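Each remark here refers to the structure printed beneath this line.
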Amino acid sequence: MKVQVINGTAIPHMPWQDKPADCKDVIWRYSQNPIIARDHLAMSNSIFNSAVVPFADGFAGVFRVDDKARNMELHAGFSKDGLHWDICEERIDFCKTNPDIQDFQYGYDPRVCFIEDRYYVTWCNAIDWKPTIGCAYTFDFKTFYQFENAFLPFNRNGVLFPRKIGGHYMMLSRPSDNGHTPFGDIYISQSPDLVFWGKHRYVMSPKMCWESTKIGAGPIPIETDRGWLIFYHGVLTSCNGFVYSFSAALLDLDEPWKTLKRGREYLLSPQQPYECVGDVPNVVFPCASLVDADTGRIAIYYGCADTCTSLCFTTVDDVIDWLDSHSQV
């Protein structure tokens, strides 16, 4: 590995499958996809767009579970190998850190970020049924403490950085509207305490055809000696609706609103049946990645057609080498 992962951890037991000999792409799919079926729980209509992190001697996560009444809920889950999951039947019942925090209305597309001594969860929350970024923390994935929402409506895709930068917490997000937003840029915001957010700065807009409608941040940024490696989704509006693909970019370590590299093309697009057919066709949506600091291996968890959850693989070196020769910046 020639690119160094900074402040990462060794995850020798992370899920991994070697690149097929005939694969010419930077990212390759797990051969047993999807790893979580839509009916994994008795009450679930679909399980997708979920977040996974190393935890204890295995892995834990927060999962988007839409039930058979089509309520959008968040459930905790645990796994020994990152492939076979025990997802709690009951949704997370958040403990409020302030009684004035609005009751849970819905939750979707969570991310989980370990900072200092705890796991922070961000998700698309609701204030009076209007989407914003909800925030909570947990130590054990059994009890979750909800604190104040990060932003006013309307906003989605809140993604924390795994450490403070210049003494401040940082979060990527995508200001939006109340529907299936036909626009979207990535911005970054700063906070001294994870409650009060400001210094909102522009990061990226849609540029290429594959992402021409909107873009949004994906998994937690990966710190390398070349910069913050991020995966982000991009949306094309076709004659038959939205098409969600994803690519990668490299942000400056000290000023992460500055984009150093950005892929011209997508790295993964909906091409397999489980990505093309489902409740929302033609969607691959990454929300989490596992990174082994020793080898640079990356396992990316992504939602497929808003229906099920799959896994794909790459390495830090492969992605940054690709960015060096395929950047649109």
Side-chain angles (χ1 to χ4, degrees), residues 45-51 62-75 91-92 94 96 98 100-111 121-136 146-160 171-189 191 194-198 200-206 211-218 232-246 278-287 302-307:
N45 169 79
S46 45
I47 303 175
F48 60 105
N49 296 7
S50 303
V62 176
F63 296 82
R64 173 176 177 172
V65 179
D66 289 9
D67 66 21
K68 291 179 179 177
R70 301 311 296 268
N71 298 305
M72 298 178 290
E73 311 282 15
L74 299 178
H75 292 231
R91 76 165 177 87
I92 294 170
F94 290 98
K96 298 180 184 179
N98 181 326
D100 293 330
I101 294 173
Q102 185 168 316
D103 291 339
F104 184 92
Q105 293 180 329
Y106 62 65
Y108 61 86
D109 301 352
R111 276 74 164 182
V121 185
T122 55
W123 71 95
C124 186
N125 193 23
I127 300 176
D128 191 30
W129 303 103
K130 300 175 180 66
T132 186
I133 307 301
C135 300
Q146 184 180 359
F147 56 99
E148 298 292 345
N149 295 310
F151 308 122
L152 289 168
F154 303 92
N155 211 316
R156 293 180 170 91
N157 296 302
V159 178
L160 285 166
M171 188 189 299
L172 300 170
S173 70
R174 187 190 73 202
S176 60
D177 63 13
N178 204 30
H180 299 288
T181 315
F183 61 88
D185 303 335
I186 297 176
Y187 287 81
I188 192 168
S189 303
S191 173
L194 289 167
V195 175
F196 296 98
W197 292 89
H200 312 292
R201 294 176 179 171
Y202 164 86
V203 180
M204 297 192 305
S205 295
E211 56 177 10
S212 56
T213 300
K214 55 185 173 180
I215 58 175
Y232 71 97
H233 65 265
V235 184
L236 161 73
T237 301
S238 74
C239 60
N240 200 36
F242 288 159
V243 179
Y244 280 73
S245 305
F246 73 84
D279 284 354
V280 181
N282 302 318
V283 176
V284 295
F285 193 96
C287 276
Y302 67 101
C304 303
D306 281 16
T307 301

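For clarity, every value in this text was computed on a predicted model and none was experimentally measured. Computed over heavy atoms, backbone and side chain alike; hydrogens, waters and symmetry mates excluded.
Residues satisfying the side-chain hydrogen bond (donor to acceptor under 3.5 Å, both in side chains) test with Tyr187, not counting sequence neighbours, are none. For Gln146, the side-chain hydrogen bond (donor to acceptor under 3.5 Å, both in side chains) test picks out no residue, with sequence neighbours left out. With sequence neighbours excluded, no residue forms a salt bridge (Lys or Arg N to Asp or Glu O under 4.0 Å) with Asp306. Residues meeting the salt bridge (Lys or Arg N to Asp or Glu O under 4.0 Å) test with Asp128, sequence neighbours left out: Lys130. The ring pair (Phe, Tyr, Trp, His ring centres under 6.0 Å) test applied to Phe246 returns no partner, not counting sequence neighbours. Under the side-chain contact (heavy atoms from CB on, under 4.5 Å) criterion, Leu152 pairs with no residue at all, not counting sequence neighbours. With sequence neighbours excluded, no residue satisfies salt bridge (Lys or Arg N to Asp or Glu O under 4.0 Å) with Asp177. Contacts of Thr307 classified as side-chain hydrogen bond (donor to acceptor under 3.5 Å, both in side chains), with partners at least two apart in sequence or in another chain: none. Every ring pair (Phe, Tyr, Trp, His ring centres under 6.0 Å) that Tyr108 has, sequence neighbours left out, goes to Tyr106. Contacts of Arg64 classified as salt bridge (Lys or Arg N to Asp or Glu O under 4.0 Å), with partners at least two apart in sequence or in another chain: Asp66, Asp109. Taking the side-chain hydrogen bond (donor to acceptor under 3.5 Å, both in side chains) definition, one finds that Ser245 meets it with nothing, sequence neighbours left out.
In this structure, Leu74 and Phe63 have side chains that are not in contact, with every pair of non-hydrogen atoms separated by 4.5 Å or more. Between Ser50 and Cys287 the shortest side-chain heavy-atom distance does not fall below 4.5 Å. Contact check for His233 versus Ile215: no side-chain heavy atoms found under the 4.5 Å cut-off. Using a 4.5 Å heavy-atom cutoff, the side chains of Asn157 and Trp123 are not in contact. Taking 4.5 Å as the limit, every side-chain heavy atom of Val235 sits out of range of all side-chain heavy atoms of Val243. The shortest distance between side-chain heavy atoms of Tyr302 and Phe285 does not fall below 4.5 Å.
Between the OG atom in Ser46 and the NZ atom in Lys68 there is a gap of 11.0 Å [rounded to 0.5 Å]. Distance check, rounded to the nearest 0.5 Å: CG of Leu172 to CD1 of Ile188 gives 5.0 Å. Separating the NZ atom in Lys214 from the NE2 atom in His180 is a distance of 8.0 Å, to the nearest 0.5 Å. Interatomic distance, CH2 of Trp197 versus OG of Ser173, reported as 9.0 Å (0.5 Å rounding). Here CD1 of Ile133 is found 9.5 Å from OG of Ser189. Values are rounded to the nearest 0.5 Å. Atom CD1 of residue Ile186 and atom OH of residue Tyr232 lie 7.0 Å apart, to the nearest 0.5 angstrom.
No side-chain donor-acceptor contact under 3.5 Å links Thr181 to the backbone of Phe183. Without hydrogens or angle criteria, Gln105 side chain to Trp129 main chain gives a donor-acceptor distance under 3.5 Å. Between the Asn149 side chain and the Phe151 main chain, no donor and acceptor come within less than 3.5 Å of each other. Listed for the Arg111 side chain is a donor-acceptor partner under 3.5 Å among the backbone atoms of Gly218. Of the possible donor and acceptor atoms, none in the side chain of Thr132 sits under 3.5 Å from a partner among the backbone N and O of Asn125. A distance-only check finds a donor-acceptor pair linking the side chain of Thr213 to the backbone of Thr237 [under 3.5 Å].
Among residue pairs with one or both ends in residues 150-159, none qualify as salt bridge (charged side-chain N to carboxylate O under 4.0 Å, His left out); sequence neighbours excluded.
Crowding of Asn178 atom CG: a count of heavy atoms from other residues, nucleotides or ligands under 6.0 Å exceeding 12.
Asp185 pairs in a side chain to side chain contact (heavy atoms under 4.5 Å, CB included) with only one of the listed residues (Pro206, Pro175, Ser176), which is Pro206.
Between Val280 and Val283 the shortest heavy-atom distance is O-CG2, 3.5 Å. Minimum heavy-atom separation, Glu148 to Asn98: OE2-ND2, 3.5 Å. Nearest approach of Ala51 to Pro110, heavy atoms of both residues: CB-O, 3.5 Å.
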Exercise. side-chain contact (heavy atoms from CB on, under 4.5 Å) between Ile47 and His75: does it pass, once the steps are laid out?
Worked result: CA-CA 10 Å; Ile47 303 175; His75 292 231; over 6 Å; no
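Checking Asn45 against Asp279 by side-chain atom types alone, a donor-acceptor pair falls below 3.5 Å.
Taking 4.0 Å as the cut-off between side-chain N and carboxylate O, Asp67 and Arg91 do not count as a salt-bridged pair.
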